[in-house]
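Inspection log for the structure reproduced underneath, given as structure tokens.
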Amino acid sequence: MLDSTNPSLTRLDIDAVKRYLLTLQDQICQALESVEPECRFREDAWDRPNGGSGRTRVIADGQVIEKGGVNFSHVMGDNLPPSATADRPELAGGSFEAMGVSLVIHPKNPMAPTSHANVRLFVVHKEGMEPVWWFGGGFDLTPYYGFDEDCVDWHQAAFDAVEPFGEGYYQRFKHWCDEYFYLKHRGEPRGIGGLFYDDFNEGSFEHSFAMMRAVGDAYKKAYMPILERRKDLPFTEQQRDFQLHRRGRYVEFNLVFDRGTHFGLQSGAGRTESILMSLPPEVRWTYDYQVEPDSEEAKLTSYYLTAKDWLNA
């Protein structure tokens, strides 16, 4: 829960978060480039006249990564958009400052899962109130063809990242992730989950910031071994077709439900091209698309996308 009585932030606090986020972006990009023989991230550094700046980094058409983006943004504005005040109407009309790293990686091989991660700090200033701050973030995995080993390793990394900061944090944030990344109109999760938390300022600023760092650092440790295991596995055109159809679910979630996408587009403070970099380069929708019963494709939704307790399966 947010607490507007938390101590005011100093400029040093915010600058420390920004330095960490820029370093995190560099480290993740270096790790992802290590699996590509030649392909490298393209960087667009941008500034907005109304305040804010960022570094958009996109990699595309690689042998391993079909499209990926690892973005840093630091934006501010005079009025919070509706997506940010839906649960806290008393903050409406306040000015805001937000910074974070957000990434999505879409591998070419259908055996390799898509991954997403985000860590962020949000600060609201409103006359008559102490500054209100909170952290948010997490990471989640979206496989097309599931492997139990990958699911267990992913969730173990999630557990190891947050449990030292509070007993029960993993189960709490796992459940939040399962609920958040859920396509209500499809009646199915987007993937096998991981961690998701928002509006977090439990304990001191330093405690909350330390947990955000642990989550950010855990993404690379969790995803790179899975990508290495799956990137060179053989696949068929039929499996590629299934991947493109399942990517459609990813697009639907990001455009219809994703809170970060809505905030970026509604606030006017972000950069549209950067906000939509999460969308895959190729996707397919076929009317009344069906998979064969009892197939590996059917197993994705019947077994893997079921909000399992992977650490006690």
Side-chain angles (χ1 to χ4, degrees), residues 14-15 17-36 39-62 65-77 81 83-84 96-107 114-123 135-142 181 194-196 198 212-213 215-220 222-224 227 247 250-251 253-255 257-281:
I14 295 178
D15 288 346
V17 176
K18 186 171 185 176
R19 287 195 300 272
Y20 167 73
L21 292 170
L22 289 169
T23 300
L24 179 67
Q25 184 190 33
D26 289 340
Q27 292 173 343
I28 292 174
C29 289
Q30 290 165 7
L32 291 166
E33 286 181 343
S34 72
V35 302
E36 288 288 0
C39 201
R40 295 294 179 264
F41 279 91
R42 164 192 168 184
E43 177 176 302
D44 288 330
W46 52 272
D47 290 283
R48 297 299 299 266
N50 60 338
S53 60
R55 300 192 311 198
T56 296
R57 291 182 179 172
V58 175
I59 190 168
D61 300 320
I65 302 170
E66 190 169 4
K67 182 186 176 186
V70 183
N71 291 350
F72 166 81
S73 63
H74 180 195
V75 299
M76 55 279 298
S83 59
F96 69 90
E97 182 173 1
M99 64 179 70
V101 166
S102 180
L103 68 97
V104 178
I105 304 300
H106 294 287
T114 287
S115 67
H116 161 259
N118 177 276
V119 286
R120 58 194 177 273
L121 167 66
F122 207 97
V123 185
F135 288 91
F139 49 76
D140 63 284
L141 197 69
T142 305
F181 291 104
L195 299 170
F196 179 83
D198 204 357
M212 187 197 80
R213 293 197 303 270
V215 172
D217 294 345
Y219 166 78
K220 178 166 58 75
Y223 187 57
M224 294 310 298
L227 186 61
R247 280 179 175 177
Y250 207 93
V251 173
F253 180 87
N254 278 27
L255 295 182
F257 298 111
D258 187 71
R259 185 175 174 182
T261 301
H262 291 174
F263 169 78
L265 296 177
Q266 291 174 4
S267 69
R271 179 174 180 262
T272 300
E273 198 68 15
S274 300
I275 296 165
L276 298 180
M277 68 84 196
S278 61
L279 302 182

Distance alone, cut at 3.5 Å: any donor-acceptor contact between the side chains of Ser53 and Trp46? no
Who pairs with Ser102 by side chain to side chain contact (heavy atoms under 4.5 Å, CB included), at least two apart in sequence or on another chain? His116, Asn118
Walk me through whether Val17 and Phe135 qualify under side chain to side chain contact (heavy atoms under 4.5 Å, CB included). CA-CA 10 Å; Val17 176; Phe135 288 91; 4.2 Å; yes
State, yes or no, whether a side-chain contact exists between Cys39 and Ile59 at a heavy-atom distance under 4.5 Å. yes
Minimum heavy-atom separation for Gly52 to Met76, with atom names? N-SD, 3.1 Å
Please tell me if the side chains of Tyr20 and Leu24 come closer than 4.5 Å, counting only heavy atoms from C-beta onward. yes
List in chain and number order the residues that pass side chain to side chain contact (heavy atoms under 4.5 Å, CB included) with Ala31, two or more places apart in sequence or in another chain; answer none if no residue qualifies. Lys220, Met224
So, Lys67 side chain and Leu279 main chain: donor-acceptor pair closer than 3.5 Å or not? yes
Partners meeting ring-ring contact (aromatic ring centres under 6.0 Å, His included) with Tyr250 (sequence neighbours left out): His106
My understanding is that only residues two or more places apart in sequence, or in another chain, count here; which of them pass salt bridge (Lys or Arg N to Asp or Glu O under 4.0 Å) with Glu43? Arg57
In chain order, what residues pass the side chain to side chain donor-acceptor pair (under 3.5 Å) check against Arg55, with sequence neighbours excluded? Gln25, Asp26
Would you mind telling me which of Glu33, Glu36, Gln30 makes a side chain to side chain contact (heavy atoms under 4.5 Å, CB included) with Phe41? Glu33
